[in-house]
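Please read all numbers here as calculations on a predicted model, not as lab measurements. Both counts, for ligands and for their atoms, begin at 1 and track the order of listing.
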Amino acid sequence: MSGFAAVDVIRAKRDGGVLSDAQIDWVVDAYTRGAVADEQMSALAMAILLNGMTGPEIARWTAAMIASGERLDLSSVARPTVDKHSTGGVGDKITLPLTPLVAACGAAVPQLSGRGLGHTGGTLDKLESIPGWRAALSNEEFTAQLRDIGAVICAAGSGLAPADRKLYALRDVTGTVEAIPLIASSIMSKKIAEGTGALVLDVKVGFGAFMKSVDDARELARTMVELGGAHGVKTVALLTDMSTPLGRAIGNGVEVTESVEVLAGGGPADVVELTLALAREMLDAAGLSAADPAAALRDGRAMDVWRSMIRAQGGDPDAPMPEANEVEVVRADSDGYVATVDAYAIGVAAWRLGAGRARKEDPVSVPAGVLLHKRPGDPVRAGESLYELRADRAELLPAALAEAARAVTVDVRPPDPRPLVLDRVE
Ligand code: URA
């Protein structure tokens, strides 16, 4: 690949120019190999955040990130493959019930997931609450489980889009996560390299999400849907509300427990609604629109796949979740209706309780987290419990209490109801 000077590529984007295909291929490859330094890529990422990228630049950048590593071949899987990706939210445990549910309806779901950082939780951290469960699978184990059970949730191997792995860690510490071209190429390079045939995106909007406005979320969704189509992956996006946490449980073990309730035919209404909405989109995208996911939840087929999927990765689906040492219940001061439960502040509270990590290498607590006893719109009487905080150690409670107190407000009038699914992009 012909060489450029990194500083010329940075200057071109700094001055609002359009990068050539050759410049993009070179800079992504050279950064992955270590020939472009972190400080140079940081400057380029900031120039992209400030000046944006054209559609063709984003497409080329994504292709270069895919080409930085391996591309999985799922052609030995007989069923149609379809995956889901969420841009990240608070209490977002949907992957847990959704993956076995869609598999129970006839598709194969290859879910390569990540760990949490900051206020949003990670699917792998949640599943690791289950004793014995193993996140790391070889490519052969991954494909075999997909063939046999139709459902796998595991860690993305280091061979998949290594350029993204390096760049995402850099963006995280340089204030450049929020650039739409960089988010879209980061997510789509991993999903395309994973080899899925179809993809449904859950683009979160609101206090607890990267995208605070519906317009920004729609632009991100459109960019990703186009990228998927250009690479032969049928891609559809739902824009969904993340102003309030999903469900009642925010943490690791508590979110597994709530997911199992959904698989048993119960669980909070919003978690069930979003799980079914995404399942229908996935089944449509996979050409299985006649399947009935609500029936598969009701009759236990989804639960059967969950149990097989957990066992196949060494986990015990019947193991009880450990109890927290410290539990603090917070009660309402007055009668009224719950007006807000701010997803961001609740995410930070759960993180401070030990459910999340500040640095990549930090451990996370299994029982720590927040349990909401009331959700927006629920009536409440003075003295009734609003939520509880759970932690391993008492000294973690005060900082989390301060965040949660900011998050939950009670008013004399009920808030206007807000739809969960805000828009659809295909
Ligand atoms: N998730 C990703 O994988 N990449 C981003 O850039 C943002 C969210």
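Distance alone, capped at 3.5 Å, places no donor-acceptor pair between the Lys84 side chain and the Thr99 backbone.
Around ligand 1, the residues contributing at least one heavy atom under 4.0 Å from the ligand are Tyr168, Arg171, Ile183, Ser186, Ile187, Lys190, Phe210.
Under a 4.0 Å N-O distance rule, the pair Arg406/Glu403 qualifies as a salt bridge. With respect to the salt-bridge test (charged N to carboxylate O, under 4.0 angstrom), the residues Asp215 and Arg218 qualify.
Arg171 has its side chain within reach of Leu167: a pair of non-hydrogen atoms, C-beta onward, lies under 4.5 Å apart.
Counting only N and O atoms by type, the side chains of Thr340 and Asp342 include no donor and acceptor under 3.5 Å apart.
Taking Arg311 as the reference, nothing meets the side chain to side chain donor-acceptor pair (under 3.5 Å) condition, with sequence neighbours excluded.
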